[in-house]
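Notes to accompany the following structure.
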Amino acid sequence: MSALLAAERLELAYGQVPACREITLHVDEGEIVTLIGANGAGKSTTLRAIAGALFPRAGAIRFAGRDITRLPSHERSKLGIALVPEGRHVFPFLTVRENLELGGFKFRKNAAKIRSLIDRMFGMFPRLKARASQNAGTLSGGEQQMLVLGRAMMSEPRLLCLDEPSLGLAPLVVQDIFRTIRSINEGGTSVLLVEQNARYALETASRGYVLQTGSIIVSGACSMLKQDERVQQAYLGRSAAVAAQ
Ligand code: ATP
């Protein structure tokens, strides 16, 4: 089976400053794949390159059998790649419904389609339905994260790229967000998940890549990564001695 997304030997830089090298990864149709690593490891940079916000200096990216290495982000979005960047960027002075409508931009000529997508999002996120006419800026952090997820899903993506969806949220809210990500995936959307919260990421994804200072140092099934000593020491807060018991 060919991968939905395949990145091969990406070299990524900001101007002259290198950020990531030799990034090779793939996401198969229907998978949740995670990128974990410490601050500054290059997770967001990799995600930006996949969504088209940063062009690689070298390497190639293929999506659904097509070379998208030089395709701008809006063209990638039309093909089915949606990016939810870090930081829950809602339009604060637009209502929840208006924020969702903007996510359905590619269906703007089809009002019935947008209505049915919004109904679907309200089914998936009942709290957003209750706040449909409220300005997005008045929502809690967790609700804003739900809104940016819903807004991205309004484009019916085949691949949802999520950057740190749990950042700054309370543990119960984080659980809710990860439950939602799993249910989005069960609905048929593949997910590439960048997370610093390795514990949740490894519970949610089937495979993962661990980045350190711009390179992938280990990759594989999450069940295997959870047993990896480097992952345990650096990200799961467990010492090798305890893990060995
Ligand atoms: P974090 O969780 O802190 O966002 P990360 O793993 O996502 O970390 P990146 O944000 O991808 O890491 O950063 C990778 C490297 O690229 C770091 O050295 C960082 O300083 C650098 N970098 C990130 N964004 C920029 C930018 N806009 N301009 C210049 N350098 C950048």
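In listed order, ligands and their atoms are each counted from 1. Values below: every heavy atom of this structure, side chains too, minus hydrogens, waters and symmetry copies.
Residue contacts with ligand 1: Cys20 is excluded, as none of its non-hydrogen atoms falls under 4.0 Å.
For the residue pair Arg76 and Leu71, the shortest heavy atom distance occurs at NE-O, 2.7 Å. Of all non-hydrogen atoms in Ser219 and Tyr209, the two that sit nearest each other are CB-CD2, 3.4 Å. Across every non-hydrogen atom of Pro56 and Arg70, the tightest pair is O-NH2, 2.7 Å.
Linking Ile, Leu, Val, Met, Phe, Trp and Tyr residues whenever their side-chain heavy atoms come within less than 4.5 Å leaves Leu94 and Leu149 in two separate clusters. With hydrophobic clusters built from ILVMFWY side chains whose heavy atoms lie under 4.5 angstrom apart, Val84 does not share a cluster with Leu35.
The Ala38 neighbourhood of ligand 1 comprises atoms 6 (O), with distances under 4.0 Å to a heavy atom of that residue. In summary, the atoms of ligand 1 found under 4.0 Å from a heavy atom of Arg48, numbered by their order in the structure, are 24 (N). Under a 4.0 Å criterion applied to the non-hydrogen atoms of Glu164, ligand 1 contributes the atoms 2 (O). Against a heavy-atom cut-off of under 4.0 Å, Glu86 is close to the following atoms of ligand 1: 4 (O).
Counting heavy atoms from C-beta on, the side chains of Glu22 and Ile216 never come closer than 4.5 Å.
Between the choices Thr46, Thr213, Thr45, Leu167, the shortest heavy-atom distance to atom 9 (P) of ligand 1 belongs to Thr45. The heavy atom nearest to atom 12 (O) of ligand 1, out of those in Gly42, Gly37, Ala19, Ser44, is found in Gly42.
Closest to atom 15 (C) of ligand 1, if we only count protein heavy atoms, is Gly40 O, 3.9 Å. Ranking the protein heavy atoms by distance from atom 22 (N) of ligand 1 puts Tyr14 CE1, 3.3 Å first. What sits closest to atom 3 (O) of ligand 1 on the protein, heavy atoms only, is Asn39 OD1, 2.9 Å.
Applying the 6.0 Å contact sphere to CZ of Phe93 captures no more than 12 heavy atoms from other residues, nucleotides or ligands.
Of the protein's heavy atoms, at least one falls inside 4.0 Å of atom 1 (P) of ligand 1. The nearest protein heavy atom to atom 19 (C) of ligand 1 is not closer than 4.0 Å.
Of the charged side-chain nitrogens involved, none lies within less than 4.0 Å of a carboxylate oxygen, so that Glu75 and Arg66 do not count as a salt-bridged pair.
Just one of Leu139, Leu147, Thr95 meets the side chain to side chain contact (heavy atoms under 4.5 Å, CB included) condition when paired with Arg131; it is Leu139.
With a heavy-atom cut-off of 4.0 Å, Glu195 does not touch ligand 1 at all.
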